[in-house]
Structures are given as structure tokens and as C-alpha cells.
Amino acid sequence: MKKLFATIILSLCFLLPSQADDIRDFQIEGMSIGDSLLDYFSIEEIKSSKQNIQYPKDKFIVYQLGALKSLDNYDLLNVSVKKDSKKYIVSHIQGGIKYSDAKEFKKCNSKKKKIVEELDVLFKNLKRRDQKYKSSHDNKSLIDGTEFYFDSGDVIAINCNDWIKEAGLSKILDVAVATEEFLFFITKEAYK
């Protein structure tokens with residue numbers, strides 16, 4: 001029941017009541033693209049939350065904020081900022097719900113479907129892309145994703161990530177918002 005409630009909240013928590021047309025109008029666990037992490041945490045807290053595993057190319061730095069912030073809707077909260085950002089300006093936010101095993105992971109697609117249906121209703125003018133593909137992380141794990149694109153190139157992504165055991169990652173439903181610059185980085189630069 002907790003997970004069902006989380007799904008309902010998850011699909012609503014980052015949408016404002018009116019139909020937004022700017023990625024900065026979305027929040028995940030109270031944070032938005034363009035926010036400064038310094039508005040939420042001290043520099044020491046931010047530095048201590050730097051994720052151990054980073055992208056092979058280091059244009060963006062990932063911070064795991066779940067230990068610093070009480071999470072209402074997710075099991076994890078990751079935020080990426082440009083490496084040279086003195087104000088720690090957020091370029092990407094990802095909230096995720098972990099699944100303990102393959103049997104539990106079967107629930108991911110129905111949760112994803114509910115979120116996507118709600119976004120379809122709220123954002124009729126956004127371009128939508130549904131796709132299933134192998135992750136660029138290991139080229140073996142499968143991702144079932146739906147992306148909504150703003151005219152600015154910014155994106156909302158809802159993914160069921162079916163990581164293989166060797167990837168060392170949890171099977172997860174993730175909801176992410178990202179700037180066009182971060183999206184280009186993650187798809188064209190990070191793993192090349």
C-alpha cells in the first residue's frame with residue numbers, strides 16, 4: 001500500500017497544478033532544475049555527498065542527497081551539477097524507487113504507465129518518445145523508458161531500469177528531469 005501511495009504522490013509531486021511549460025516548474029523532493037544546492041545544504045554537506053562512482057567523463061558531478069534530506073516519495077535522490085559550478089546549480093534530478101528482485105520489479109511497468117498517462121493528460125503539447133533499449137552504462141541492461149521533451153530541449157524521463165546483476169545496480173523506477181545540456185552529456189559524452 002505504501003508503494004501505491006508513493007506512486008500516486010510520485011506522479012504528482014513534481015507537477016504544479018497549472019500546466020507548466022518550463023522544466024524549472026517541476027520539483028522532485030522539493031528541488032528544481034536551476035536551484036542552487038547551497039540553498040539546501042552547506043558546502044561540507046554537499047562535498048560529503050559526492051557519489052563514489054562518477055561518469056567516466058567528469059563534466060558533471062553526481063551527488064547522492066538521500067542521506068542529507070528526508071525523502072518522502074523515493075528511496076534515493078541524485079542530483080548532478082556542472083563540475084565548475086561554484087554555486088552548485090542543479091542540471092539533473094533523479095528520484096528512484098528500488099526493487100529488491102526480479103519478481104518485485106514486475107510492478108515497475110504498471111507504476112511507470114500511471115505516471116506517463118498523467119503526464120500525457122497534463123502536457124498534450126510536449127513531444128513524447130517511448131523506447132526500449134540497452135543501457136549505455138553496460139550495453140546489456142534493459143531500459144523501458146518514456147521521455148517528454150520541452151521546446152527548450154529539456155526533458156522529463158520515466159524509466160524502468162532492469163539492470164543485470166553484473167552492473168552492480170538496483171533494479172529501479174526512476175523519474176528524472178534534466179536540462180538539454182545534461183541530456184547531451186549523458187547520451188553523447190559521458191560514456192564515450
Side-chain angles (χ1 to χ4, degrees), residues 14 22-24 26 28-29 31-38 43 46-67 74-99 102 105 108-109 112 115-116 119 123 126-192:
F14 61 96
D22 187 324
I23 197 80
R24 288 157 188 81
F26 292 91
I28 294 180
E29 295 290 349
M31 301 177 80
S32 299
I33 296 295
D35 286 356
S36 169
L37 288 182
L38 294 172
I43 290 178
I46 295 167
K47 288 181 178 180
S48 73
S49 70
K50 184 176 175 183
Q51 183 172 281
N52 290 334
I53 300 172
Q54 294 289 325
Y55 299 111
K57 306 285 185 196
D58 67 350
K59 182 177 180 180
F60 287 87
I61 305 297
V62 183
Y63 297 94
Q64 293 180 321
L65 302 178
Y74 300 94
D75 298 323
L76 63 86
L77 178 66
N78 293 334
V79 173
S80 299
V81 302
K82 285 184 81 168
K83 181 180 179 180
D84 60 356
S85 178
K86 302 278 190 244
K87 293 186 178 183
Y88 295 90
I89 301 299
V90 175
S91 295
H92 168 256
I93 307 169
Q94 174 203 15
I97 297 175
K98 295 180 185 180
Y99 294 92
F105 183 71
C108 187
N109 282 325
K112 176 182 160 286
I115 295 168
V116 168
L119 289 172
F123 301 103
L126 293 184
K127 296 173 199 147
R128 174 180 160 181
R129 180 172 70 170
D130 297 296
Q131 61 180 342
K132 293 181 182 183
Y133 58 97
K134 291 183 180 177
S135 167
S136 59
H137 176 74
D138 64 11
N139 206 31
K140 295 178 184 175
S141 300
L142 298 176
I143 297 176
D144 181 355
T146 299
E147 298 165 343
F148 291 88
Y149 292 92
F150 290 82
D151 290 340
S152 64
D154 299 337
V155 67
I156 301 170
I158 305 94
N159 296 315
C160 286
N161 299 299
D162 191 6
W163 298 107
I164 62 171
K165 186 176 182 178
E166 294 78 17
L169 300 167
S170 298
K171 295 178 184 300
I172 192 169
L173 166 69
D174 72 52
V175 177
V177 293
T179 62
E180 179 182 33
E181 181 181 22
F182 182 83
L183 181 62
F184 182 83
F185 167 75
I186 201 70
T187 58
K188 305 289 186 195
E189 298 174 342
Y191 297 103
K192 305 281 186 214

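Any value given below was found using the heavy atoms of this structure, including those in side chains, with hydrogens, waters and symmetry copies removed.
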Worksheet item: CD1/I28 to CD1/I33 distance, rounded to the nearest 0.5 angstrom?
Response: 8.0 Å
Worksheet entry | Contact summary for F105 and N161, nearest pair of heavy atoms | CE1-O, 3.5 Å
Practice prompt. Go through the structure and list residues passing salt bridge (Lys or Arg N to Asp or Glu O under 4.0 Å) with D151, not counting sequence neighbours.
Written response: none
Discussion item. Tell me if a side-chain donor or acceptor on S80 pairs with a main-chain N or O of F60 at a distance below 3.5 Å.
Written reply: no
Practice prompt. Work out which heavy atom in I61 is nearest to a heavy atom in Q54; give both atom names and the distance.
Written response: CA-OE1, 3.4 Å
Discussion item. Once side-chain contact (heavy atoms from CB on, under 4.5 Å) is applied, do any residues pair with K57, and if so which ones, sequence neighbours excluded?
Written reply: F185
Discussion item. Determine whether a donor-acceptor pair (N or O, by modelled atom type, separation under 3.5 Å) exists between the side chain of K87 and the backbone of S36.
Written reply: no
Worksheet item: Could E166 and K140 be called an ion pair, given the rule that one side-chain N must be under 4.0 Å from one carboxylate O?
Response: no
Worksheet entry | Spatial distance of atom NZ (K134) from atom CG (N139) [nearest 0.5 Å] | 6.0 Å
Worksheet item: Hey, is the main chain of K82 close enough, under 3.5 Å, to the side chain of S85 for a donor-acceptor pair?
Response: no
Practice prompt. Might you point out which heavy atoms bring I53 and Q51 nearest each other, and give the distance in Å?
Written response: O-NE2, 2.5 Å
Practice prompt. Could you tell me whether the side chains of K112 and T146 share a donor-acceptor contact shorter than 3.5 Å?
Written response: yes
Worksheet item: Mind checking whether K98 and L173 have side chains closer than 4.5 Å, heavy atoms only?
Response: no
Worksheet, complete the sentence: So OG1 of T179 and CD1 of I89: to nearest 0.5 Å the spacing works out to 11.5 Å
Practice prompt. Indicate yes or no: does R128 engage E147 in a salt bridge with an N to O separation below 4.0 Å.
Written response: no
Discussion item. Can a donor-acceptor pair be found, under 3.5 Å and without considering hydrogens, that links the side chain of D154 to the backbone of E180?
Written reply: yes
Discussion item. For a quick test of reading the model, state the closest non-hydrogen atom pair linking G95 to Y74 and the distance between them.
Written reply: C-CD2, 3.2 Å
Response to the item:
When every non-hydrogen atom of V81 is compared with those of Y63, the smallest separation belongs to CG2-CE1, 3.4 Å
